[in-house]
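Scroll down for the structure; my scribbles are underneath it.
Fair warning: this is a prediction, and the values are worked out from it, not measured in the lab.
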Amino acid sequence: MTVKIHSDGTPMNAEGTLADRLYEAALVPELWTETCERIALEAGSSTASIFTIDGSGNHRYVTTPNIADAFAAFVQSEHRFNNVRPMRGMERSPFSFVRVTDLLSAEEFANDAIQRDIIEPHGMQWEAGWAFQEPTGHVIVITLMRAKGLTHFSDEQLARLNLLKPDLARAAYMSSRLAFSEARSMTETLSMLGLPAAVIGDGGQAIATNPEMEALSPRIRTGAGDRLVLEGTGASALLDGAIERYKAQASPTVQSLPMAARDGAPPLILHLLPIRRAARDIFSRSMAVLAVTQVGQVGPPDMRVLCGLFDLTPAEARVARGIAMAQTPEMAAASLGISLETARSHLKKIMQKTGTTRQAELVLLLSGLNAPGFGGVLRDP
């Protein structure tokens, strides 16, 4: 039997970790169906689905085949405009997966039209999920269902899903930019992203950039040895450190790296995504894709965005929000009911994660990061 080999030397039928599968599917979106099946297996779920909602209320989705007909019906129905699950989830459980029965009252659940008309007719009964809003305003929802006759999602199953959250978020974000459609070459993929993007080679050098990335020079440019150079030592240090970990083939911490506003230019968020498995067949001799999100300067940040972008803990995000609203550490401690020592400890970790060295620099960065209003369907509380 002939075994096909990926360009990174792994057999194409090798299992790999679920995180590897997520990053593979992020850049080779036609693999999402199989990846959804792996997510469902990991969570002890009957289904797994990811859908995105843009500013006009349009839905795109990938899902396990056993619930594909239900999603096809849902995205064509009026129910998609009355779905309170994502908004409730972002309000009440912004940092973790949650059961739908914890978002709806008993009366709401008993009379829920989506449950009655979509979920139960397709053999499902229990649902859990997580929703987050990425900087451009799109809402990304990861939802899982268990079939009739099974018990509801357990705390242990939700905990396993929460461990996957950072990987799921970055992979789903990248695929939402690709509209879950196939890309056949490195150039085509960078073009389809619609974002400034660069491909980082195995040696840490930029081996391809798209015109949107080139237009960001000199804030992001190539230097000696074709290495990417970022404006600001903090951001450059974070990027260099992440690339060195990738080169060492350490288990990567997928990161979002901030660049503060400067000279009238808005803040930027750099998303570093590892290239895994079959994605290396497209991105030959490459180890990561760097995509850039430009963030509008329209007010203080939403904690959900802060946690998702910089992997802040909920406690760190609350302190960061206070700092962004011009609170001193003393004021943040008093408003949150924590000690000054704790507030300062959180602030130190926040600055490490965002690559800032002074509180004033952190304020300038955070004041431009927020979750924009969302197309009349979902809005920030």
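- By the neighbour-count criterion of 12 heavy atoms within 6.0 Å, atom NZ of Lys165 is densely surrounded, having more than that number from other residues, nucleotides or ligands.
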What verdict does the salt bridge (charged side-chain N to carboxylate O under 4.0 Å, His left out) test give for Glu34 and Arg21, after you've listed the backbone C-alpha separation in whole Å, the side-chain angles of each residue and the deciding distance to 0.1 Å? CA-CA 9 Å; Glu34 178 188 349; Arg21 291 298 182 99; 2.5 Å; yes
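- Contact annotation: the side chain of Leu268 approaches that of Ile220 to within less than 4.5 Å [non-hydrogen atoms, C-beta and beyond].
- Shown here are the salt bridge (charged side-chain N to carboxylate O under 4.0 Å, His left out) partners of Arg160, two or more places apart in sequence or in another chain: Glu156.
- If you check the side chains of Thr342 and Ser345, you find no donor sitting under 3.5 Å from an acceptor.
- Taking Glu108 as the reference, Arg88 meet the salt bridge (charged side-chain N to carboxylate O under 4.0 Å, His left out) condition, with sequence neighbours excluded.
- Residues passing the side-chain contact (heavy atoms from CB on, under 4.5 Å) test with Glu212 are Pro196, Asn210, sequence neighbours excluded.
- Partners of Lys348 under the side-chain contact (heavy atoms from CB on, under 4.5 Å) rule, at least two apart in sequence or in another chain, are Gln352.
- Residues satisfying the ring-ring contact (aromatic ring centres under 6.0 Å, His included) test with His152, not counting sequence neighbours, are Trp126.
- Every residue meeting the ring-ring contact (aromatic ring centres under 6.0 Å, His included) condition with Phe74, not counting sequence neighbours, appears here in chain and number order: His59.
- For residues 198-223, the set of pairs meeting the ring pair (Phe, Tyr, Trp, His ring centres under 6.0 Å) definition, not counting sequence neighbours, is empty.
- Listed by first and then second residue, the salt bridge (charged side-chain N to carboxylate O under 4.0 Å, His left out) pairs involving residues 110-126 are Arg85-Asp112 (not counting sequence neighbours).
- Clustering ILVMFWY residues whenever any of their side-chain heavy atoms sit less than 4.5 angstrom apart, transitively, puts Met213 in the very cluster that holds Ile243.
- Screening residues 322-337 for salt bridge (charged side-chain N to carboxylate O under 4.0 Å, His left out), with sequence neighbours left out, gives Glu330-Arg344.
- With sequence neighbours excluded, the residues satisfying side-chain contact (heavy atoms from CB on, under 4.5 Å) with Asp226 are Gln205.
- Under the side-chain contact (heavy atoms from CB on, under 4.5 Å) criterion, Pro65 pairs with Thr33, Glu37, sequence neighbours left out.
- Side-chain contact, Thr52 with Ser176: no donor N or O sits under 3.5 Å from an acceptor N or O.
- Donor-acceptor pairing under 3.5 Å is lacking for the side chains of Gln157 and Ser45.
- Inspection of the Trp130 and Ser96 side chains reveals no N or O donor paired with an N or O acceptor under 3.5 Å.
- Under the salt bridge (charged side-chain N to carboxylate O under 4.0 Å, His left out) criterion, Arg99 pairs with Asp102, Asp155, sequence neighbours left out.
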